[in-house]
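Step one of this worksheet: look at the structure below.
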2 protein chains.
Amino acid sequence: MRRTQDERKAETRQRLLDAATALIAERGVAGTSIDALAEAADRTSGAVYAHFGGKEGVLVALLDELKDAVAAAIVEESQADDDDDQHLEVLWRNFVAPPPLAGDVWVLLEHELWLYACRNPEARPLVAARYESARRGIADAVAADDGESDDAVGTLLIALMIGLEMQRRLDPAAVPDEVAYRGMRALLESR
Amino acid sequence: MRRTQDERKAETRQRLLDAATALIAERGVAGTSIDALAEAADRTSGAVYAHFGGKEGVLVALLDELKDAVAAAIVEESQADDDDDQHLEVLWRNFVAPPPLAGDVWVLLEHELWLYACRNPEARPLVAARYESARRGIADAVAADDGESDDAVGTLLIALMIGLEMQRRLDPAAVPDEVAYRGMRALLESR
DNA sequence: GTCTATAGATTGATAGAC
DNA sequence: GTCTATCAATCTATAGAC
């Protein structure tokens with residue numbers, strides 16, 4: 001029993017996107033050739049052009065797929081709890097390594113996409129929308145208690161977590177969890 | 001009157017490093033070929049190999065040159081003032097566009113170097129030292145008033161500024177200066 | 001130390017068979 | 001839609017003249 005063309009097509013597409021996720025995180029956008037991408041997905045470069053038209057097309061599709069999946073996953077668990085401080089702990093842990101992707105991969109990929117957006121105006125709105133969605137999600141999550149949402153808190157918390165994670169990558173000892181919590185709590189209380 | 005060999009040598013070295021700064025910020029580490037680098041410096045690829053042995057050598061030299069120059073510049077002006085709130089404003093403005101480099105170039109370059117360090121363990125200590133130096137500098141700068149320095153404040157302030165600047169690049173309206181000040185003040189007062 | 005020249009590998013992108 | 005085959009451009013790295 002043979003699978004339909006559509007199934008085959010969808011599988012190839014997904015394989016290419018998965019390969020792109022891994023390779024771009026590992027070697028960067030510029031460091032990932034179309035050939036390497038296709039090979040990692042067990043296809044040939046022709047398939048990449050047929051599906052996405054080129055490397056930029058792959059990136060747009062990748063951004064579209066990730067869209068708010070990550071933001072949603074980061075926030076999701078935080079909603080479950082009632083304690084304000086635990087909110088922050090879960091938020092921080094999920095941010096460092098959100099469920100849908102391995103933490104190692106995710107952070108590097110996110111920075112690659114950010115750089116790509118800075119350099120390619122046509123991709124900027126897509127990436128900007130991701131951050132906007134993350135800001136809202138976090139603002140809503142931490143506002144769940146008293147019902148009042150404050151966008152600026154989302155902006156600040158995301159900023160802090162990004163910067164802390166960056167420093168932690170270079171030297172884990174430089175960013176103890178307690179320091180992260182202290183900073184997040186301070187921002188939360190600045191409302 | 002002819003210049004000495006040493007002068008010529010030093011000029012070539014500096015030209016190559018300047019070209020590397022500009023090109024890496026613009027196209028990234030992987031996106032910058034040795035040929036393009038040499039050409040931008042008005043030399044040939046052979047000069048790059050003679051001076052630095054290859055692309056990694058250029059990056060190490062670049063890191064060494066930037067070292068704490070940027071950190072020092074960011075902090076320097078902040079020392080001049082007495083008012084605590086003005087401290088933060090100057091800090092934020094200098095961070096967004098520190099004197100030694102154009103703001104546009106600096107932030108992108110810094111992210112490229114961070115990604116490079118994440119992927120290349122041998123470069124990690126160099127970049128980690130840059131961040132460590134920046135943490136100390138900021139911690140000392142904001143502690144100038146009461147004399148008490150707190151490393152964690154440096155970690156948190158840097159983290160926040162990095163994350164805010166990233167969001168601002170994608171959408172300037174998303175990060176008003178007042179939000180930045182509010183966040184920085186909250187972190188500062190968390191001591 | 002610096003250049004030119006070049007070899008060998010890799011890249012992006014396309015044409016054509018199936 | 002997917003593959004093979006392929007061309008032209010670009011890249012890294014080295015050898016050798018000066």
Side-chain angles (χ1 to χ4, degrees), chain A residues 1-20 22-62 64-65 112 115-116 119-120 122-123, chain B residues 1-20 22-62 64-65 112 115-116 119-120 122-123:
Chain A
M1 143 174 166
R2 217 159 89 33
R3 293 175 309 166
T4 68
Q5 286 273 11
D6 279 3
E7 279 171 347
R8 163 84 174 166
K9 182 177 170 181
E11 185 196 336
T12 295
R13 189 190 146 88
Q14 197 55 51
R15 275 172 163 277
L16 289 172
L17 287 179
D18 289 348
L23 281 183
I24 290 175
E26 188 185 331
R27 311 181 198 171
V29 174
T32 300
S33 70
I34 296 193
D35 265 350
L37 183 57
E39 194 175 358
D42 224 354
R43 295 290 186 277
T44 57
S45 67
V48 177
Y49 287 101
H51 272 274
F52 304 107
K55 204 194 277 187
E56 322 80 51
V58 175
L59 284 169
V60 171
L62 191 58
D64 203 55
E65 193 198 25
E112 278 294 336
L115 274 167
Y116 185 78
R119 292 173 180 139
N120 301 83
E122 74 277 11
Chain B
M1 141 176 166
R2 214 158 92 34
R3 293 175 310 166
T4 68
Q5 287 272 12
D6 277 4
E7 279 172 347
R8 164 82 175 170
K9 181 178 171 181
E11 186 197 336
T12 295
R13 188 189 147 90
Q14 196 55 50
R15 274 173 164 277
L16 289 172
L17 287 178
D18 290 347
L23 282 183
I24 289 175
E26 188 184 332
R27 312 182 197 170
V29 173
T32 300
S33 72
I34 296 195
D35 262 351
L37 183 57
E39 194 175 358
D42 223 354
R43 296 290 187 275
T44 57
S45 66
V48 177
Y49 288 101
H51 272 274
F52 305 107
K55 205 194 275 187
E56 322 80 50
V58 175
L59 285 169
V60 171
L62 190 58
D64 203 56
E65 192 197 25
E112 279 293 336
L115 275 168
Y116 184 79
R119 292 172 181 141
N120 301 82
E122 73 277 10

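Quick note on labels: first sequence line is chain A, next is B, and so on, each numbered from 1.
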Discussion item. So, taking the atom named CD in B:Glu56 and the one named CG in B:Leu62, what distance separates them when rounded to the nearest 0.5 Å?
Written reply: 13.5 Å

Fill in: B:Glu39 atom CD: more than 12 heavy-atom contacts under 6.0 Å
no

Practice prompt. Return the set of residues passing side-chain contact (heavy atoms from CB on, under 4.5 Å) with A:Ala36 (not counting sequence neighbours), or none when no residue passes.
Written response: A:Leu23, A:Arg27, A:Ser33

Worksheet entry | Spacing between B:Asp42 atom CG and C:dC3 atom C1', to the nearest angstrom | 13 Å

Item to complete: Could you encode protein contacts along nucleotides 5-18 of chain D as a string, one character per nucleotide from 5' to 3', using B for base contact, S for sugar-phosphate-only contact and - for no contact, with a heavy-atom cut-off of under 4.0 Å?
Response: ------SBBB----

Worksheet item: Within the structure, does a side-chain N or O atom of A:Arg43 lie under 4.0 Å from either OP1 or OP2 of D:dC3?
Response: yes

Fill in: A:Arg8 vs D:dG1: side-chain N/O to OP1/OP2 distance below 4.0 Å
no

Worksheet entry | Close side-chain approach of A:Phe52 and A:Leu17, heavy atoms under 4.5 Å | yes

Response to the item:
Separation of D:dG1 atom P from A:Arg15 atom CZ, nearest Å, is 18 Å

Worksheet entry | Atom-pair distance (CD on A:Glu11; C1' on D:dG1), nearest Å | 14 Å

Worksheet item: Taking only residues two or more places apart in sequence or in another chain, which ones pass salt bridge (Lys or Arg N to Asp or Glu O under 4.0 Å) with A:Arg119?
Response: B:Glu112

Discussion item. At less than 4.0 Å, is any side-chain N or O atom of A:His51 found next to OP1 or OP2 of D:dG1? Yes or no.
Written reply: no

Worksheet item: Taking all non-hydrogen atoms of both residues, which atom of B:Ser45 and which atom of B:Ala38 are closest, and how far apart?
Response: N-CB, 3.5 Å

